[in-house]
A.B. asks: 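Next up is a structure, given as structure tokens.
Below, chains carry the letters A, B, ... as their sequence lines are ordered, and counting in each starts from 1. Because the structure is predicted, anything quoted here is derived from the model rather than measured.
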Amino acid sequence: MKKLERKSMNSSQIRKKYLEFFEKKNHTIVPSSSLIPFDDPSLLFTSAGMVQFKKFWATETPIPYTRATSCQKCLRAGGKDSDLEKIGLSGRHHTFFEMLGNFSFGDYFKEEAINWAWEFVTCEMKIDPQKLWVSYYSEDHETINIWKKILPENRIIPLGKKDNFWGPAGDTGPCGPCTEIYIDSGIDSSCSNPDCKPGCDCNRFLEFWNLVFPQYNQQADGTLLPLKRRGVDTGMGLERIARIMQGAGSNYETDLFIPLIRKLEEISGLKYTEKTMKEFRIIVDHIRATVFLIGDGVYPDNEGRGYVLRRIIRRAFFQGTKIEINQPFLLRLVSPVVSIFHDVYPNLEKTKEEIESVILEEEKKFIDLLASAKKIFSTDIEKLKNNIIPGEMLFRWYDTYGIPRDLIAELAEEKGFEPDWQEFEKHLKQQQQQARQKSIFEQRREPIFEMSPLNETIFTGYSNTEEQSNIIALYHLPDRKMWEIVLDKSPFYPEKGGQVGDRGIISGKNWSFEVIDSQIDPRGIIYHIGRFISGTFQDVEESEKVVARVSMEHRLDVCANHTATHIIHYCLRKISDNRAKQAGSYVGPERLRFDFIYPLPVNQDIVSLIESEVNRIILENHPVKVEEMTYQKAIEKGAIALFTEKYGEKVRVISIGDFHSELCGGTHVRRTSEIGILKILSFSSIGENLKRIEAVTRQHAYHWFKQKIEILQQATAQLKTTPENLLFSINKMKKQIQELENKINTLMEKASMDIPSTLKKNKKEISVKNKNVSVVTGRFDGLSFEQLGKIADGAASEITNAIILLTSVVNGRAIVLCKITPDVSKIIQASHVVKHITKILGGSGGGKAEFAQGSGKEIEKIDEVISNAHNIIKEISEQLN
RNA sequence: GGGGGAUUAGCUCAGUUGGGAGAGCACCAGGCUGGCAGUCUGGGUGUCAAGGGUUCGAAUCCCUUAUCCUCCA
């Protein structure tokens, strides 16, 4: 066997060889960034190695290195590039995977990139060059000329824009041609097409390395301008190269997956065979994604990233039910995943227990959902007249209740029903279109002018709140009726890390502009959003000199709340023995919100303990220090980091006194006493183990106290007492009320003894449709509907064949209530009587056969109506005939 | 970001064209039993998520907000 000439290599060795190879070529080894893109809300997850370097190509601001190499953890499971549906069907796609890459930012280009890639594959990996094919973008002549020097032309395949032209990531930005390297796994795995070659969807040619050459900058109008800092961006899936190096049939039969498959065999009692392959693959793929997502701080949720995680966990669990596992089991796969990766990603070991408990909770919830799904299915299906389930019903199950399609299909088959999937797809498509259209509409932004290229805004707001700068772009936001200004230098802090964007004023020669929000984009450009308060957009000149001034009041409030947030975090950790963990925060000018994971029950005592601790620290007037240092150094010094990793730049560390420090990009007060005072307004549980504290500081706290004290003063004034005696007075009053109520009840009971005699006095016998009926009337002013109803009930239990008609005057209106005993109600209905009577009284009403009510405004007619009731009722019954 | 659904007693949930707020469990009181387990009798403990509107009358219909579930992006 010739295959054995190449030595099998495990995945750790491949990672190491790759990074070392490029390090020798003067690349800086950059650690993998988090799966959650740092400062990039446009992207759901890190989906490629280049994500953390994106802005290095787009801008011309200084960068720490021009060559980099990394092994990046990636997730493609939601948003723009999702592979979720492909998992299990192919042996080469994953939701979570690792991508090896080398990058050039305005340094080397196609020639070196291609030659080094070839050298690595053939010399380091020792792959037989005869088996390698490549593809290139058909219009990229540079690339084909380089390849021609390396391998015969019949193994160099041109492909179109769809396959071999990359980007831009959004509508604008860096993009360029790419070239891909494939391995031919032999004619056996080919499709039947004799013309089979790279680009074909069958299994013969496996693409494993994509070299992208960002060289253009796409403009909003679609034109391609040359990129000044053009470069190289390559990506090789670790799972694919491992498969090749280990001679495996698919990515799943490598050392990255085998231990997981073995464990799953043990749990399910089934073997990994052709029959169970799909389920096994989906489960082991998804558990990796789950472990890494939770490890990077994502929790199951009903929107955004958390929602993607929830779907992944549920899909995996559902596959489990197909191989007859019906209890929580995914958590048992966490340990094997951690064992595979703990060398490369040591933080997994630390969060392992938490990952397990989050997964268990989610599995339990999903089991509940499946149970309720079955209930909904059987109730709805009874309404059907034939055995076809309409698409609308299918869609409602799926869309509203989240019942998985597969489950619907299973249940339907079990009960012998036929789902109309075609109609279902129509509904789904309609929803997709609607969502897409709406989201495009929301983001309309019309440029008035825009300097090119647009560079990262220089942020000066840590030290200054006022800045002389130049205006380099102006946009109109027609949907929000607002404008956006971009400056070359800005003191405005843009919204990030939970802290809201600064507000303030930008003034030019003939205009001034109120900034109500500041935002930042992935390129680091700060947008000042707001309205013109004098002048209009036509008065703004390109490159005009302006003065940008941040609102001090706004900034100070925000700073106080941000530092207060850190102190709350510190106190929570102290009280919980470091078990509390920040899950998110909002730092605005009026209030702050702090969400955290806390595995213990929290009661009011703990909340007030936290509040007094925080205020003690505020009063102790500790200095708040800001330092810049490397990430490594910060962690060594014990700073708390919410985001696990970030590329080699310096990070900011905020320290309070000598007891707490935290990585943070936000703005803070200089000493804790500037916070003034902190009041916790609410403490609530917002989910499984997830708690929320809302608090106010500075004048907002003062106003809170002031308002409460005013209420207290009003209350004491009303009760003619002092705050100290307030509780005593209230208790006394309560007792008095109780006594009074008892008295009233006694009186009512006495009075009600008279009611039957009153009613009897007013009883008249009439004949309706040859049936003897007693008409009983009464007027009890001041009694409510409810009380009249009770009287009517009492009367109805004593008199047979009765029509009871009661009235009263409440708030100047005549209210009417009618009760008719069951046998009589078949002849004449209470609602008819009430409608008729209330009409006479200038009102209306209605109800059911035995009971009805209504009201009218002409109270002077009540007595007449009552004394005439038996006649009126006779009339009604005759009309009905 | 855009849809669909939900929110009713401590918990799980019913509530029909708008017409008197309900069930089971839990809870409280009393009885039976030597004690426990148990059981019988009695008791509803409620801002129908919040606010506004329509109506003689709203848990129910309309609008706004909050929270949760779910689908799509």
A.B. asks: Nearest to the D793(A) side chain among G20(B), G5(B), C56(B), which nucleotide is it?
C.D. replies: G20(B)

A.B. asks: Between G57(B) and A66(B), how many Å separate the two P atoms, rounded to a whole number?
C.D. replies: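 It works out to 29 Å between them.
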
A.B. asks: Closest approach to the side chain of R314(A), judged atom by atom: which nucleotide of G5(B), U70(B), C71(B) is it?
C.D. replies: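 For R314(A), the side-chain atoms sit closest to U70(B).
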
A.B. asks: How many angstroms lie between atom CG of L817(A) and atom OG of S808(A), to the nearest 0.5 angstrom?
C.D. replies: 9.5 Å

A.B. asks: So, under a plain 3.5 Å distance rule, would you say the side chain of D399(A) forms a donor-acceptor pair with the base of G5(B)?
C.D. replies: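 Not at all, since no donor on one side and acceptor on the other fall under 3.5 Å apart.
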
A.B. asks: Pick the C1' atom in G52(B) and in C69(B), then give their distance to the nearest Å.
C.D. replies: 26 Å

A.B. asks: Starting at the 5' end of RNA chain B and moving along, which residue's nearest nucleotide shows up first, R310(A) or K819(A)?
C.D. replies: K819(A)

A.B. asks: Could you state the CG-C1' distance from L806(A) to G20(B), rounded to the nearest angstrom?
C.D. replies: 13 Å

A.B. asks: Using a strict 4.0 Å threshold on nitrogen-to-oxygen distance, state whether K819(A) and D793(A) make a salt bridge.
C.D. replies: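 Salt bridge flag = yes for D793(A) with K819(A).
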
A.B. asks: Identify whether the distance between the nearest side-chain nitrogen and carboxylate oxygen of E425(A) and R405(A) falls below 4.0 Å.
C.D. replies: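 A salt bridge is present here (some side-chain N lies under 4.0 Å from a carboxylate O).
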
A.B. asks: For the OG atom of S372(A) and the CG atom of L370(A), what is their distance to the nearest 0.5 Å?
C.D. replies: 8.0 Å

A.B. asks: Return the nucleotide paired to C27(B): Watson-Crick means purine N1 to pyrimidine N3 with N6-O4 or O6-N4, wobble means G-U with N1-O2 and O6-N3, both under 3.5 Å.
C.D. replies: G43(B)

A.B. asks: According to a strict under-4.0 Å criterion, is Y398(A) in side-chain N/O contact with OP1 or OP2 of U70(B)?
C.D. replies: no

A.B. asks: E425(A) has an atom CD; how far is it from atom P of C71(B), in whole Å?
C.D. replies: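 Rounded to whole Å, this separation is 15 Å.
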
A.B. asks: What distance, rounded to whole Å, do you find between the two P atoms, one in C71(B) and one in A49(B)?
C.D. replies: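 Here C71(B) and A49(B) have their P atoms 25 Å from each other.
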
A.B. asks: 5'-most contact on RNA chain B: Q853(A) or T400(A), nearest heavy atom basis?
C.D. replies: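 Result: T400(A).
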
A.B. asks: Nearest whole angstrom, please: distance from the P of C68(B) to the CG of D301(A).
C.D. replies: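 Atom-to-atom, D301(A) to C68(B), this comes out as 8 Å.
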
A.B. asks: Ignoring hydrogens and angles, answer whether the base of C71(B) and the side-chain atoms of Q431(A) contain a donor-acceptor pair closer than 3.5 Å.
C.D. replies: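 Checked by distance alone, the answer is yes.
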
A.B. asks: Less than 5.5 Å between centroids and less than 30° between ring planes, does F851(A) satisfy that with G20(B)?
C.D. replies: yes

A.B. asks: So does E864(A) pair up with K861(A), basic N to acidic O under 4.0 Å?
C.D. replies: no

